[in-house]
Amino acid sequence: MFALVDCNNFYASCERLFRPELIGKPIVVLSNNDGCVIARSNEAKALGIAMGAPAFKMEKEMKQNGIHVFSSNYTLYGDISNRVMTELSGFTPDIETYSIDEAFLSLHGMPLGALEMYGREIVRAIHRNVGIPVSVGIAPTKVLAKVANKIAKKNPSKRGACLLDTQEKQIEVLSKFDVEDIWGIGRQHTKRLNALGVKTALDFMRLPRALVQKQFTIVGLKIWEELHGVPRIELEDVPAAKQTICTARSFGKMIETVEQLAEALANYAATCAAKLRRQKCCASCVTVFLHTNPFREDLPQYARSAVANLHQATSSTIELIEVSAKMLSQIYKAGFLYKKIGIILSEIVPENEVQVSLFDTIDRPRDAEIMGALDSINAKYGRDALRIGRQGFGKRWKHRQERLSPCYSTRLSDVLTIKV
DNA sequence: TCTGGGGTCCTAGGACCC
DNA sequence: TCTGGGGTCCTAGGACCC
């Protein structure tokens, strides 16, 4: 049996956690650069605010409806997420953190009759100890647990937890469950399934197995089998090392000069390098890309990328900043207004399996020590407390974050003061 | 003025090898 | 005259997730 624990409207719930006067009020959270809506409280959903809606088009609507708007505060959400996950680990060590607001738990060996109560206990514990509302779906496969979770979220009568243990219950629910709401069925698959006359999850289950495999590949077949109660997707309790690591951002204001682009890029390279070291890996392939704003059809457009293969894999911030800066100078063209730049690291290997190059001229042990010092200083004094000169101070290329909430739980100066 | 960012997996087809 | 057959690797593109 699997349980899927999913935080309700997670980002909106985090914003509300330290602003209790916002309970019952509509809240939306915007994407990076305050671009579009990525999270909504139930009240905002009820007002018809669409997921992914561009913020600038809704300025008026949000004002009229008294919606509280926030820039995304990933420092806050990340910290609250850690608290939720820590709480869940108290229930079982067999846990897979699936995303910032979701985790799968393996519940093997638990008596079936107790499962729904167990789910409700999880809901109560997270609410009491972290303050975030969650829903729990329990079923024999991950895909069914996802279904159960949606049922729990939608029906208040479930009191936060839904158990789909028997086939009868599953059939009953799946006959009313839209096929597009199944985990792993996206827009394209929905179109093709609708064309086959498939509307509900049950319709999908009743398609012949061979047809499913032919039309929707092995991925579709796994989903089909999971709906039938056959586990095909396992719990991944040790997170796999990432095969690509990317940092890219749009700018608040478009940028013209190569100096400012270089400064932004240096910061993204530093972020990528730190992510790489956190998973104890090195990368030997670097991609740098940049482009103008494709929405501004009135302006000249330019987009380019460059790929570099290093002779030896690295995780050094210094080296990656240097390499990416060189690549930028190769692809930068003056006379354009740039909207976004980014860096992608690939060909990632564990740091103790790096193929040593005969032609290497870098003092690797020394660099590793410097990086170790850099990481421990930044862990203690905050991200980017110690930085490479090229990173600058980001005065000109900042992204937009006009409605950022305080880092209530991670920055001493932002901790709430309570007058008693 | 303004439209997110960061990932994974699978397949088809071409190049190349013997 | 005959137009094999089996395999690997790589890449681009498509689909999906949160």
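Per chain, numbering begins at 1; letters A, B, ... match sequence-line order.
Rounded to an integer number of Å, the gap from CG of Asn73(A) to C1' of dG5(B) is 16 Å. Computed from coordinates, the Tyr77(A) OH to dG4(B) C1' distance equals 13 Å when rounded to whole Å. As a whole-Å value, the separation of Lys242(A) NZ from dT8(B) P is 6 Å. Rounded to whole Å, the distance from CD1 on Ile255(A) to C1' on dC2(B) is 16 Å. Following rounding to the nearest Å, Leu221(A) (CG) and dC16(C) (P) show an atom-to-atom distance of 16 Å. Atom OH of Tyr11(A) is separated from atom P of dG6(B) by 12 Å (rounded to the nearest Å). Atoms CD1 (Ile185(A)) and P (dA15(C)) sit 13 Å apart, rounded to a whole Å. When the P atom of dC10(B) is taken as reference, atom NE2 of His189(A) falls 12 Å away, rounded to whole Å.
Using a 4.5 Å cut-off on side-chain heavy atoms (C-beta onward), Ile126(A) and Leu88(A) make contact. The shortest distance between side-chain heavy atoms of Arg296(A) and Met254(A) falls below 4.5 Å.
The aromatic rings of Tyr77(A) and Tyr11(A) sit parallel, their planes meeting at an angle under 30°, below the 60° perpendicular limit. Taking the six-membered ring where the residue is Trp, His291(A) and Phe289(A) present parallel rings, their angle staying beneath 30° rather than reaching 60°.
Comparing dG6(B), dC9(B), dC2(B) by their closest approach to the side chain of Gln243(A) singles out dC9(B). Set against dT8(B), dA15(C), dT3(B), the side chain of Thr244(A) has dT8(B) as its closest nucleotide. Of the candidate nucleotides dC10(B), dG4(B), dG5(B), dC10(B) has the atom lying nearest to any side-chain atom of Ile218(A). Closest approach to the Pro54(A) side chain among dT3(B), dT1(B), dG6(B) is made by dT3(B) (side chain taken as heavy atoms from C-beta onward). Counting only heavy atoms from C-beta on, Thr217(A) has its side chain closest to dT11(B) among dG6(B), dT3(B), dT11(B). Listed candidates were dG6(B), dC2(B), dT3(B). Nearest to the side chain of Asn33(A) is dT3(B). Ranking dT11(B), dT3(B), dG4(B) by closeness to the Tyr74(A) side chain, first place goes to dG4(B). With distances taken from any side-chain atom of Val219(A) to the nucleotides dC10(B), dG5(B), dC18(C), the minimum falls on dC10(B). Taking every side-chain heavy atom of Trp183(A) into account, dC18(C) is the closest of dG6(B), dC18(C), dC2(B).
In terms of phosphate contacts, Lys275(A) brings a side-chain nitrogen or oxygen within less than 4.0 Å of OP1 or OP2 of dG7(B). Note on Arg400(A): every side-chain N or O is 4.0 Å or more away from OP1 and OP2 of dG4(B). Neither OP1 nor OP2 of dC2(B) sits under 4.0 Å from any side-chain N or O of Lys339(A). Between Arg192(A) and dA15(C) there is no side-chain polar atom (N or O) within less than 4.0 angstrom of OP1 or OP2. For the pair Lys222(A) and dC9(B), the criterion of a side-chain N or O lying under 4.0 Å from OP1 or OP2 is not met.
A cation-pi contact links Lys142(A) to Phe104(A), judged by a cut-off of 6.0 Å to the six-membered ring centre and 45° from its axis.
Using a 4.0 Å heavy-atom criterion, one finds that Lys191(A) contacts no nucleic acid atom at all. The residue Arg187(A) sits close only to the backbone: its heavy atoms come under 4.0 Å of sugar-phosphate atoms, none of a base. If you check every strand for non-hydrogen atoms under 4.0 Å, Asp34(A) touches nothing. Counting any heavy atom pair closer than 4.0 Å across all strands shown, Ser72(A) reaches no nucleic acid atom. Within 4.0 Å of Ile100(A), counting heavy atoms only, lies no atom of the nucleic acid at all.
Distance alone, capped at 3.5 Å, is enough to place a donor-acceptor pair between the Lys275(A) side chain and the Cys246(A) backbone.
Just one of Asn155(A), Asp6(A), Asn8(A) meets the side-chain hydrogen bond (donor to acceptor under 3.5 Å, both in side chains) condition when paired with Ser135(A); it is Asn8(A).
Nearest-nucleotide positions on DNA chain B for Met254(A) and Asn32(A) put Met254(A) closer to the 5' end.
Across all strands shown, dC18(B) pairs with dG5(C); the Watson-Crick or G-U wobble distances both stay below 3.5 Å.
Comparing the C1' positions of dG4(C) and dC16(B) gives a spacing of 16 Å, expressed to the nearest Å.
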